[in-house]
Amino acid sequence: MLDEIQKKTGLAFELYEVPDGRYGRQDEDTGLWTGVMGELVDHTADIGIGAISITATREVFVDFTIPFYDMVGLSILMKLHPEDLNIFKFLIVIENPCGFVSPP
């Protein structure tokens, strides 16, 4: 699917697994995130893909799609941009070169 998106849009992207292999949790002392969440919050990646749980804490920092498979919970998430209030916001990441990240 990603190859087809690249062919049709001409956008470049890099697909990689997060170095620590985690979905992400926030350190209570430092506030820093690990895993996919850390890559998004630190602007290392633009989009994260995986079977990641949607929590209230995570939703403060990233936007989630509705899970594609209810039994699996596969979601796409991206860094939250509070100033963007548009129902087509999910298309914003397609306008620029994208980095995708996924846990193993």
Could you give the distance from [atom1] ([X]) to [atom2] ([Y]), rounded to the nearest 0.5 Å?
{"X": "Glu39", "Y": "Asp46", "atom1": "CD", "atom2": "CG", "value": "11.0 Å"}
{"X": "Leu32", "Y": "Asp42", "atom1": "CG", "atom2": "CG", "value": "7.0 Å"}
{"X": "Thr55", "Y": "Phe61", "atom1": "OG1", "atom2": "CZ", "value": "10.0 Å"}

Task: Considering all heavy atoms, the nearest Ala45-Tyr16 contact - done: CB-OH, 3.5 Å
- [ ] Could you point out which residue of Ile52, Leu40, Ile54 forms a side-chain contact (heavy atoms from CB on, under 4.5 Å) with Val62?
- [x] Leu40
TODO: May I ask you to decide if Gly31's main-chain N or O and Gln26's side chain share a donor-acceptor pair within less than 3.5 Å?
DONE: yes
TODO: Report yes or no: does Arg58 contribute a side-chain atom to a donor-acceptor pair with the main-chain N or O of Ser53 at less than 3.5 Å?
DONE: yes
